[in-house]
Asker: 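This structure is in structure tokens; I'll ask about it shortly.
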Amino acid sequence: MTIGFIGGSGIYDALPLEDTRNVDVETPFGKPSAPLTVGEFGDTGREVVFVPRHGPDHARSPTTLPYRANVFALKQMGVTHVLASNAVGSLREDLPPQTLVIPDQIYDRTKHRDLTFFDEDVVVHQPFADPYCAELNEVLADAAESATDADVVRGGTYVCIEGPQYSTRAESEFYREQGWDVIGMTTIPEAKLAREAEMAYATVTGVTDYDVWKADSEVTLDEVLANAAENETAIKETVEAAIRALPEDHECACHTSLAGTINTPDEAIPD
Ligand code: ADE
């Protein structure tokens, strides 16, 4: 088992890993956001491959991040399970900043992203009804509850907007009316690509703000980054506990999710 960790805003360095090396990879989709950090996680003997989604200096917009290169690079390194983190706004009064939410649904409002690894000659219609790995979600939520002091919410819908601007008040109120829970800019296309790459994928999101539906809430980058930094410890504790808890022989439907969905099996992403 090799575990990937895609760190969101506020997570720019790897977990405490031993025997680390930096791997500068190239993929058919270009370079990932940063060289990969590869190392062994403590006494587990598990190999972990870390990539900070936004790169070391957070210099790219959520539209132009190299999602395909990041996911492809993890696959190339033999990753079977991907744990991610995302900074999100809250769409609920009872999810204040610094709450951890492990979402189980996504509403995709992105508009300008490459959503697939496959080109026009290979049509792949994959099931995506449950966009995150349900089993990995359980592991993450248990880890968050046992290893952190944060309030943890199991399940919820992440509405993914294109950005880079935050929402208007009308949009934010609409999302609330739908009963959605958190809002961010980066879980799409990452979750779709991980499914295409047959890797189990789940994310721990850290709430950084109340979005703009709430009276007097404007959402500023400063507020988001300050709370993302506050969430850093709890997110890392969660991911570390999840890495320890994952059963060594864990296999799930995500690992064979291309079966029956692709018309030219040779085109599947190599193991
Ligand atoms: N990331 C963090 N907070 C956000 C918000 N309110 N909207 C979109 N993305 C976010």
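Only heavy atoms go into these numbers, but all of them, side chains included; no hydrogens, no water, no symmetry mates. Atoms within each ligand, like the ligands themselves, are counted from 1 in listed order.
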Asker: For V88, which part has a heavy atom under 4.0 Å from ligand 1: side chain, backbone, both, or neither?
Answerer: backbone

Asker: So if I count the atoms of ligand 1 from 1 in the order they appear, which ones are less than 4.0 Å from some heavy atom of Y166?
Answerer: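 The atoms of ligand 1 under 4.0 Å from a heavy atom of Y166 are 4 (C), 5 (C), 7 (N), 8 (C), 10 (C).
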
Asker: Pair V124, F117 - check side-chain contact (heavy atoms from CB on, under 4.5 Å), show working.
Answerer: CA-CA 10 Å; V124 178; F117 285 117; over 6 Å; no

Asker: What protein heavy atom sits nearest atom 1 (N) of ligand 1, and how far off is it?
Answerer: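 For atom 1 (N) of ligand 1, the nearest protein heavy atom is A87 O, 3.4 Å.
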
Asker: Side chains of Q178 and Y107: do they bring a donor and an acceptor to under 3.5 Å?
Answerer: no

Asker: Can you name the atoms of ligand 1, numbered from 1 with element, that are less than 4.0 Å from a heavy atom of D211?
Answerer: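 Result: 5 (C), 6 (N), 7 (N).
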
Asker: In the protein, what heavy atom is nearest to atom 4 (C) of ligand 1, and what distance, to one decimal place, separates them?
Answerer: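 So the nearest neighbour among protein heavy atoms is G89 N, 3.5 Å.
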
Asker: Report yes if the distance between the aromatic ring centroids of Y67 and F29 is under 6.0 Å, otherwise no.
Answerer: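 No - the distance between ring centres of Y67 and F29 does not fall below the 6.0 Å cut-off.
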
Asker: Do me a favour and list the nearest non-hydrogen protein atom to atom 9 (N) of ligand 1 with residue, atom name and distance?
Answerer: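 For this ligand atom, the closest protein heavy atom is G184 CA, 3.4 Å.
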
Asker: Return yes when atom CG of D149 has more than 12 non-hydrogen atoms of other residues, nucleotides or ligands closer than 6.0 Å, and no otherwise.
Answerer: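 Not more than 12 within 6.0 Å, no.
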
Asker: Side chains of T27 and Q76: donor-acceptor distance under 3.5 Å anywhere?
Answerer: no

Asker: List every atom of ligand 1 that sits less than 4.0 Å from any heavy atom of T208, numbering the atoms from 1 in the order shown and giving each element.
Answerer: 2 (C), 3 (N)

Asker: Between K214 and Y210, is NZ or CZ placed under 6.0 angstrom from the six-membered ring centre and within 45° of the ring axis?
Answerer: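 Judged by the rule, K214 and Y210 form a cation-pi pair.
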
Asker: Note the single closest protein heavy atom to atom 10 (C) of ligand 1, along with its residue, its atom name and the distance in Å.
Answerer: I183 O, 3.7 Å

Asker: Run the numbers for me: atoms of ligand 1, each under 4.0 Å from some heavy atom of M185, listed by number.
Answerer: 8 (C), 9 (N)

Asker: With heavy atoms of D209 as the reference, note each atom of ligand 1 found under 4.0 Å away.
Answerer: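 Within the 4.0 Å cut-off of D209, ligand 1 contributes 2 (C), 3 (N), 4 (C), 5 (C), 6 (N).
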
Asker: Does K111 pair with E162 as a salt bridge, N-O distance under 4.0 Å?
Answerer: no

